[in-house]
Amino acid sequence: NAIGRTAVAVLRNGWGILLLIIVWQAWVTAMNFNAIVMPRPLGVLQDLIGFPEVYWKNAVYTIGAAVIGLVLGMALGTGLAILAWLSDVLEGMLTPLTVLFSSVPVVTIIPIVARLLGYDFSTVLAIVVIICFFPAFVFTTSGLKALPAGAELISERTS
């Protein structure tokens with residue numbers, strides 16, 4: 001009975017995903033694609049069940065890189081935005097550089113970073129830091145510039 005309720009809940013909440021997977025399986029089978037080019041969902045499920053350790057290892061690696069890169073990128077972006085807010089000289093130096101680098105697509109930076117750091121975890125981490133840095137810098141800068149007048153008086157008195 002519990003299995004039946006679970007199946008009904010999955011169908012009720014996940015019918016769109018289930019339909020997508022069924023259409024994907026039918027399309028790949030009808031077009032007779034090579035499994036290397038376009039895997040079949042049932043083949044992916046068999047691989048997940050047959051070799052879960054491979055997926056867990058890669059999931060831990062990916063999640064670790066994402067979390068560490070997010071923390072470092074946010075800390076760097078927030079820290080530099082605060083320094084730029086406190087110093088007109090740093091603001092004049094950092095803001096144009098940030099705008100310049102944020103206009104360059106990250107995809108074009110990846111080969112350069114990989115060539116400099118090597119093809120390992122440090123490259124993945126550097127790319128995640130770069131991706132997380134720009135929003136942190138921009139949003140922190142915007143937030144600090146939008147402080148109410150009373151907050152600015154308080155910050156002037158403490159410095």
Side-chain angles (χ1 to χ4, degrees), residues 6 9-24 27-28 36-41 43-45 47-49 51-159:
T6 303
V10 167
L11 286 174
R12 187 176 332 131
N13 297 327
W15 68 267
I17 295 170
L18 188 60
L19 179 64
L20 180 66
I21 292 171
I22 291 168
V23 169
W24 174 16
W27 181 65
V28 172
I36 294 172
V37 175
M38 178 65 82
R40 290 166 174 74
V44 172
L45 182 62
D47 201 47
L48 278 168
I49 292 170
F51 308 100
E53 65 279 353
V54 173
Y55 292 95
W56 280 110
K57 178 184 169 191
N58 289 315
V60 168
Y61 179 88
T62 301
I63 292 168
V67 169
I68 294 168
L70 174 67
V71 169
L72 292 175
M74 295 292 290
L76 185 64
T78 303
L80 287 178
I82 291 170
L83 290 176
W85 180 67
L86 293 172
S87 168
D88 290 337
V89 174
L90 282 176
E91 181 181 9
M93 289 170 39
L94 291 174
T95 304
L97 284 173
T98 304
V99 171
L100 175 70
F101 284 122
S102 68
S103 66
V104 176
V106 176
V107 174
T108 61
I109 298 172
I110 292 172
I112 298 166
V113 172
R115 192 75 164 151
L116 291 171
L117 300 177
Y119 297 89
D120 57 2
F121 186 76
S122 61
T123 300
V124 175
L125 190 60
I127 297 302
V128 176
V129 168
I130 290 169
I131 290 170
C132 296
F133 167 79
F134 295 117
F137 184 85
V138 169
F139 290 133
T140 303
T141 301
S142 298
L144 290 171
K145 286 183 179 180
L147 283 173
E152 289 178 15
L153 290 175
I154 292 169
S155 65
E156 289 176 5
R157 288 182 192 155
T158 59
S159 45

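These numbers come from the heavy atoms of this one structure, side chains and all, not from hydrogens, waters or symmetry mates.
Checked against Leu72 for a side chain to side chain contact (heavy atoms under 4.5 Å, CB included), the options Val128, Val67, Val129 give a single hit: Val129.
Put simply, CG on Leu18 and CD1 on Ile22 are 4.0 Å apart, with the number rounded to the nearest 0.5 Å. Of the inter-residue distances, the one linking Leu20 atom CG with Trp27 atom CH2 reads 11.5 Å to the nearest 0.5 angstrom. To the nearest 0.5 Å, atom OG1 of residue Thr6 and atom CG of residue Leu11 are 11.0 Å apart. Annotation: the span from Ile130 atom CD1 to Leu76 atom CG amounts to 10.0 Å, rounded to 0.5 Å. Between the CG atom in Leu80 and the CZ atom in Phe133 there is a gap of 5.0 Å [rounded to 0.5 Å].
Within the structure, ring pair (Phe, Tyr, Trp, His ring centres under 6.0 Å) contacts touching residues 56-77 (residues at least two apart or in different chains) are Tyr61-Phe121. The salt bridge (charged side-chain N to carboxylate O under 4.0 Å, His left out) contacts involving residues 108-118 comprise nothing, where partners must be two or more places apart or lie in separate chains. For residues 121-130, the side-chain hydrogen bond (donor to acceptor under 3.5 Å, both in side chains) pairs, not counting sequence neighbours, are Asp120-Ser122.
For Phe51, the CZ atom counts as loosely surrounded, since its 6.0 Å shell holds 12 or fewer non-hydrogen atoms of other residues, nucleotides or ligands.
The two residues Val28 and Pro39 come nearest to each other via the heavy atoms CG2-O, 4.2 Å. The minimum heavy-atom distance between Gly73 and Ala136, with the atom names listed, is O-CB, 4.1 Å. Between Ala65 and Leu125 the shortest heavy-atom distance is O-CD1, 3.9 Å.
Of the possible polar contacts, one joining the Asn58 side chain to the Val54 backbone as a donor-acceptor pair under 3.5 Å is found.
For Thr140, the side-chain contact (heavy atoms from CB on, under 4.5 Å) partners are Thr78, Ala81, Ile82, Leu144, not counting sequence neighbours. Taking the side-chain contact (heavy atoms from CB on, under 4.5 Å) definition, one finds that Val23 meets it with Leu19, sequence neighbours left out.
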Which donor-acceptor pairs under 3.5 Å do the side chains of residues 87-107 make with protein atoms, sequence neighbours left out?
residue: Ser87; atom: OG; partner: Val89; partner atom: N; Å: 3.4
residue: Ser87; atom: OG; partner: Leu90; partner atom: N; Å: 3.2
residue: Glu91; atom: OE2; partner: Lys145; partner atom: NZ; Å: 3.0
residue: Thr95; atom: OG1; partner: Glu91; partner atom: O; Å: 3.0
residue: Thr98; atom: OG1; partner: Leu94; partner atom: O; Å: 2.8
residue: Ser102; atom: OG; partner: Thr98; partner atom: O; Å: 3.0
residue: Ser102; atom: OG; partner: Val99; partner atom: O; Å: 3.0
residue: Ser103; atom: OG; partner: Leu100; partner atom: O; Å: 2.6

